[in-house]
Amino acid sequence: MRLTILGGGGFRVPLVYGALLGDRGEGRVTEVVLHDVDAGRLDAVTRVLAEQAEGVADAPVVRATTDLDDALRGADFVFSAIRVGGLRGRAEDERVALAEGVLGQETVGAGGVAYGLRTVPVAVDIARRVARLAPDAWVINFTNPAGLVTEAMARYLGDRVIGICDSPVGLGRRVARALGADPGEAFVDYVGLNHLGWVRGLRVAGRDELPRLLADPHRLGSFEEGRLFGPEWLRSLGAIPNEYLHYYYFNRETVRAYQEAERTRGAFLRDQQSRFYTDALRPGGSALRAWEDTRAEREATYMAENRESAGAGEREEEDLSGGYEQVALALMRAVARDERTTLILNVRNRSTLTALDAEAVIEVPCLVGADGAHPLATDPLPGHATGLVCSVKAVEREVLAAAESGSRETAVKAFALHPLVDSVSVARRLVDGYTAAHPELAYLK
């Protein structure tokens, strides 16, 4: 079975390959095709994968190419993890937004809108190519903003594109641990959009254990979200929010922390990964060791500004191991082998959330098998959550409309309608700033 990875020179590709190395059984991936527009990054990552495969019998064969059509032909699965504009673009997203006093995070607020505007046209081109060159392939999208990009691709691929994210998995795991439950035995009632969802229940042997957690301040303060949001706010919500909701619930504090930071997250990663790609290509050195050292620092500093503003302390050791590669592997196995399982995924709504239309991509538990991913029925969201979900989905729709039409006016509307952008005037200046910073947005007229 062939897996094509778009963004194959990306830093997290070794996580996916490492998961594949541990997969044994019928219908496993035997060939990995890496595609990237940067040949140097491809070379560096290929070296890491070669070291990972040393001593592993029947390790998947790896091939690298800068030809997109060549990469897609014959693919059974396509894993999309591209970054349009690179980490330079992410750093610019943060810089332009913070200059206006608003959030520039890559998936939330003004930064997420800017990232979506330059990513959607590329994702749509990929979707069209997949439909033409590999019509039977399943596309697993990790490209951010994951829900928005998945919805853009679904217009051409239907249910054969499925979005994944590791945030709900990590959240469910932490909630289960706080309750003393086995995460593998718990059903996580999680509902929302990508990076905008809530755990509303955690069922173990048919019993919802979340009320027990919400009633216990000590347990609530024992894991990352409890420290990040505070036990009192979690009890008020009656749910455990995805960590990205910290940008909404504590927006002023987070923006101030980002403005006061020595470097933004994007600038930190840009500089850090630049060093990695240099070190990985250094003759006589170990590319794998360079990657492992860089990854440890990257994971330890994740959402550092949010934790600092909340006084949440350092990340726990158990949360430094990632997770999206395991979701991707579980999804591929379920489809390829019909190993039916339940995963939290980004899929078309159908009739799951009545506040949204059938084509809206949402993030919910899904039953997965050979015929794809099907969202499970769920109770309606409470009013406060419904309002936020509908508001952000409306912004995503404006981003899709602007990307399709090239309308600068529609792009301004997308920024202005976002809950974290407080002024139409600011929205206009953001569009000016982003079009000046990103050649990829030259299509906006």
Side-chain angles (χ1 to χ4, degrees), residues 1 3-6 16 19 23 27-29 75-81 123 126-127 130-131 134-172 183-184 186-197 199-200 203 242 323-354 356-379 381 389 393 396:
M1 190 166 68
L3 168 65
T4 292
I5 301 180
L6 307 182
V16 178
D23 187 30
R28 70 187 187 93
V29 171
D76 297 293
F77 287 91
V78 176
F79 184 70
S80 180
I126 290 170
V130 171
D136 295 327
W138 291 88
V139 177
I140 301 173
N141 178 61
F142 188 69
T143 297
N144 276 326
L148 169 63
V149 172
T150 300
E151 186 164 329
M153 299 182 82
R155 294 183 174 184
Y156 301 89
L157 298 173
D159 292 331
R160 295 192 80 85
V161 58
I162 301 168
I164 68 170
C165 182
D166 50 355
S167 290
V169 176
L171 174 56
F187 175 81
V188 182
D189 177 9
Y190 179 94
V191 184
L193 306 180
N194 180 241
H195 290 180
L196 193 80
V199 170
R200 305 180 306 175
R203 294 201 289 275
N242 184 298
Y324 88 102
E325 70 281 5
Q326 296 299 332
V327 181
L329 180 61
L331 176 56
M332 286 191 290
R333 289 177 57 162
V335 173
R337 307 176 193 177
D338 200 21
E339 294 182 359
R340 300 178 76 79
T341 188
T342 301
L343 299 169
I344 298 173
L345 301 167
N346 288 268
V347 296
R348 292 196 288 187
N349 177 48
R350 295 184 174 89
S351 59
T352 309
L353 290 179
T354 56
L356 298 176
D357 61 77
E359 301 302 310
V361 166
I362 61 174
E363 192 168 69
V364 290
C366 298
L367 181 63
V368 191
D371 58 348
H374 304 277
L376 299 176
T378 185
D379 293 332
L381 284 165
V389 163
K393 179 54 68 176
E396 291 184 352

What pair of heavy atoms forms the shortest contact from [X] to [Y], and how long is it?
{"X": "Cys165", "Y": "Phe142", "answer": "CA-CE1, 4.0 Å"}
{"X": "Arg200", "Y": "Asp379", "answer": "NH1-O, 2.9 Å"}
{"X": "Ile164", "Y": "Ala328", "answer": "CD1-CB, 3.7 Å"}
{"X": "Leu356", "Y": "Asn349", "answer": "O-ND2, 3.1 Å"}
{"X": "Val78", "Y": "Ala137", "answer": "CG2-CB, 4.3 Å"}
{"X": "Arg348", "Y": "Gly158", "answer": "NH2-CA, 3.5 Å"}

Euclidean distance, [Y] [atom2] relative to [X] [atom1], rounded to 0.5 Å:
{"X": "Ile362", "Y": "Arg350", "atom1": "CD1", "atom2": "CZ", "value": "9.5 Å"}
{"X": "Leu148", "Y": "Glu396", "atom1": "CG", "atom2": "CD", "value": "5.0 Å"}
{"X": "Leu193", "Y": "Glu151", "atom1": "CG", "atom2": "CD", "value": "9.0 Å"}
{"X": "Asn194", "Y": "Asn242", "atom1": "CG", "atom2": "CG", "value": "8.0 Å"}

Stepwise side chain to side chain donor-acceptor pair (under 3.5 Å) check, Arg333 with Thr341: CA-CA 10 Å; Arg333 289 177 57 162; Thr341 188; over 6 Å; no

Applying side chain to side chain contact (heavy atoms under 4.5 Å, CB included) to Ile162 and Val347, what does each step give before you reach the verdict? CA-CA 6 Å; Ile162 301 168; Val347 296; 4.2 Å; yes

Within the side chain of Ser80, is there an N or O that forms a donor-acceptor pair under 3.5 Å with the backbone of Thr143?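 Here the side-chain-to-backbone pair does not exist.
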
Report the C-alpha separation of Val149 and Ile126 in whole Å, then their side-chain angles, then the decisive distance to 0.1 Å, and conclude whether the side chain to side chain contact (heavy atoms under 4.5 Å, CB included) test is met. CA-CA 11 Å; Val149 172; Ile126 290 170; over 6 Å; no

Side chain to side chain contact (heavy atoms under 4.5 Å, CB included), that's the test. Do Leu353 and Thr378 meet it? Break it down for me. CA-CA 7 Å; Leu353 290 179; Thr378 185; 4.1 Å; yes

Find out whether [X] and [Y] are in side-chain contact, i.e. whether some heavy atom of one side chain is under 4.5 Å from a heavy atom of the other.
{"X": "Val335", "Y": "Val368", "value": "yes"}
{"X": "Arg340", "Y": "Asp371", "value": "yes"}
{"X": "Leu345", "Y": "Val327", "value": "yes"}

With side chain to side chain contact (heavy atoms under 4.5 Å, CB included) as the test, would you mind laying out the steps for Glu363 and His195 before giving the verdict? CA-CA 9 Å; Glu363 192 168 69; His195 290 180; 5.8 Å; no

Got a sec, which residues hit side-chain contact (heavy atoms from CB on, under 4.5 Å) with Leu376, two or more places apart in sequence or on another chain?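 Once residues adjacent in sequence are excluded, the partners of Leu376 under the side-chain contact (heavy atoms from CB on, under 4.5 Å) criterion are Phe187, Thr342, Pro365, Leu367.
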
Val188: side-chain contact (heavy atoms from CB on, under 4.5 Å) partners, not counting sequence neighbours: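 Partners of Val188 under the side-chain contact (heavy atoms from CB on, under 4.5 Å) test: Tyr190, Val199, Leu202, Ile344.
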
Under a 4.0 Å threshold between the charged nitrogen and the carboxylate oxygen, would Asp357 count as salt-bridged to Lys393?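 Answer for the salt bridge query: no.
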
Partner residues of Phe79 under the ring-ring contact (aromatic ring centres under 6.0 Å, His included) criterion, sequence neighbours left out: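 Checked Phe79 against ring-ring contact (aromatic ring centres under 6.0 Å, His included); matches are Tyr324.
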
